[in-house]
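Notes to accompany the following structure.
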Amino acid sequence: MARVEFLGPIEREPMEVDIKNLKELKDIFKDDEKLQEWLEISAVAVNDTLVSDLDKRIEKEDKISILPPVCGG
Amino acid sequence: MARVEFLGPIEREPMEVDIKNLKELKDIFKDDEKLQEWLEISAVAVNDTLVSDLDKRIEKEDKISILPPVCGG
Amino acid sequence: MLELYNGSLNVEEILSRWYREYKDKNFGAFINFVGIVREENQIDGLSFDIYEPLLKNWFSSWQERAKKRGALVLMAHSIGDVLVHQSSYISAVLSPKRRVALSLIDEFVEDFKANAPIWKYDLVGGKRVYAKDRSLKLPNSGILSSRG
Amino acid sequence: MLELYNGSLNVEEILSRWYREYKDKNFGAFINFVGIVREENQIDGLSFDIYEPLLKNWFSSWQERAKKRGALVLMAHSIGDVLVHQSSYISAVLSPKRRVALSLIDEFVEDFKANAPIWKYDLVGGKRVYAKDRSLKLPNSGILSSRG
């Protein structure tokens with residue numbers, strides 16, 4: 001199972017998902033109205049690298065991070 | 001008498017001159033070959049303000065500074 | 001060198017230590033940017049979450065970029081609460097050349113603002129309020145959204 | 001604030017003091033540039049002459065310029081000898097805004113290099129050698145020359 005972490009202000013517990021790619025993750029989230037508000041403005045990293053492609057293959061043990069807008073400093 | 005100061009690396013003693021404008025100072029210096037090497041690359045300040053005009057009127061008590069190329073820091 | 005601290009930064013200690021550490025290494029220019037929490041909008045301070053693995057990757061890529069120009073970057077940042085008039089952030093560049101140092105610090109600080117995985121909250125009446133309006137979306141944000 | 005010192009600068013003391021003095025004044029950004037004497041061309045160090053009245057005028061006009069953008073400039077410089085790996089120059093900007101601070105420090109340092117009435121010498125074998133090749137002519141240089 002891959003692990004999904006919600007970072008910063010999203011305030012959700014991590015979850016385990018059984019998926020082959022990010023499209024399947026998008027599908028899992030599609031009816032979660034509250035999460036959609038975050039997903040609209042959040043980036044996605046797989047194993048700590050930002051990704052741009054939903055076809056990105058997800059392996060077991062992969063770590064998926066959901067990153068809302070940032071403001072350091 | 002106005003006073004002329006030679007700054008930084010020029011290494012000349014200050015001198016007193018009786019002049020009405022900077023043109024007259026230019027004339028005083030015209031045969032000083034060694035000084036000409038410095039004057040070619042030096043700026044001129046009257047009472048601590050850089051000047052661009054040789055017609056600039058010089059009063060008694062004025063201070064004229066000769067400033068060779070700079071490099072702070 | 002990337003340094004993370006719980007709470008506010010000891011700016012004097014950090015700048016002094018960095019200067020001592022690098023002054024004999026023949027960099028001619030040491031430039032640093034210190035962020036100080038401003039008193040505004042009735043906040044008591046700011047608070048920060050950091051996603052360290054990605055921040056470390058971001059910082060490493062910057063170190064490579066600086067190295068190509070003969071320079072070095074340093075950074076310190078706070079985790080958690082930092083009160084008004086305390087400091088939360090220092091970035092620095094060491095470079096043999098003045099021009100490289102001045103350009104790099106600008107690029108480094110601006111890229112930090114746009115891309116470092118850090119979340120900021122206002123501290124108001126004991127609560128953390130996400131500074132959403134001042135925050136910037138990371139590249140390719142929204143790809144998992146089913147809306148629009 | 002313009003500070004002139006005989007010999008090298010105590011960088012840790014100066015940066016710490018400036019930070020302490022201004023951290024509660026609600027500037028959000030403190031940026032500073034420290035110049036460190038590099039070991040090169042077999043020099044023992046550098047030496048500086050300063051024409052103070054004109055430097056003070058130059059600095060005052062910069063303070064006015066910074067003030068119009070809500071910012072403040074600070075500077076420290078050495079007079080006389082500064083050995084290799086010691087520091088001779090610090091410029092700093094305090095500003096409520098990050099962007100103003102980053103732009104101003106760049107303009108301030110570059111304008112300093114072009115216009116501050118300071119003369120630099122290499123210290124070589126106990127002698128002061130004017131760094132003519134690295135020096136820049138001030139505006140309207142040459143008006144008193146009878147050549148060319």
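To find a chain, count down the sequence lines: A is the first, B the second, and so on, and within it residues start at 1. All of these numbers come straight from a predicted model, not from anything done at the bench.
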Residues 35-47 of chain D vs chain C, non-hydrogen distance cutoff under 4.5 Å, contacting residues -> D/G35, D/I36, D/R38, D/E39
Value rounded to 0.5 Å, distance of CZ in D/R98 from OH in C/Y89:
8.5 Å
For chain D, which residues of residues 66-75 of chain C have heavy atoms nearer than 4.5 angstrom:
none
Using a cut-off of under 4.5 Å for heavy-atom pairs, which of D/V34, D/I90, D/L15 has the most such pairs with chain C?
D/V34
Could you please state which residues from residues 50-62 of chain D sit under 4.5 angstrom from chain C, measuring non-hydrogen atom to non-hydrogen atom, sorted by number, or 'none'?
none
Measuring heavy-atom distances to chain C, does D/F27 have an atom under 4.5 Å in its side chain, in its backbone, in both, or in neither?
backbone
Are D/Y19 and C/S87 packed together at the side-chain level, in the sense that at least one heavy-atom pair is separated by less than 4.5 angstrom?
yes
Check whether any side-chain heavy atom of D/H85 lies under 4.5 Å from a side-chain heavy atom of C/N26, and answer yes or no.
yes
Hey, what do you get for CG (D/N10) to OG (C/S16), rounding to the nearest 0.5 Å?
8.5 Å
Give the member of C/N32, C/I31, C/V11 that has the highest number of heavy-atom pairs under 4.5 Å with chain D.
C/N32
Do any of residues 104-134 of chain D come closer than 4.5 Å to chain C, heavy atom to heavy atom, and if so which ones, in number order?
D/I105, D/D106, D/V109, D/E110, D/K113
What part of D/R17 gets within 4.5 angstrom of chain C, counting heavy atoms only: side chain, backbone, both, or neither?
neither
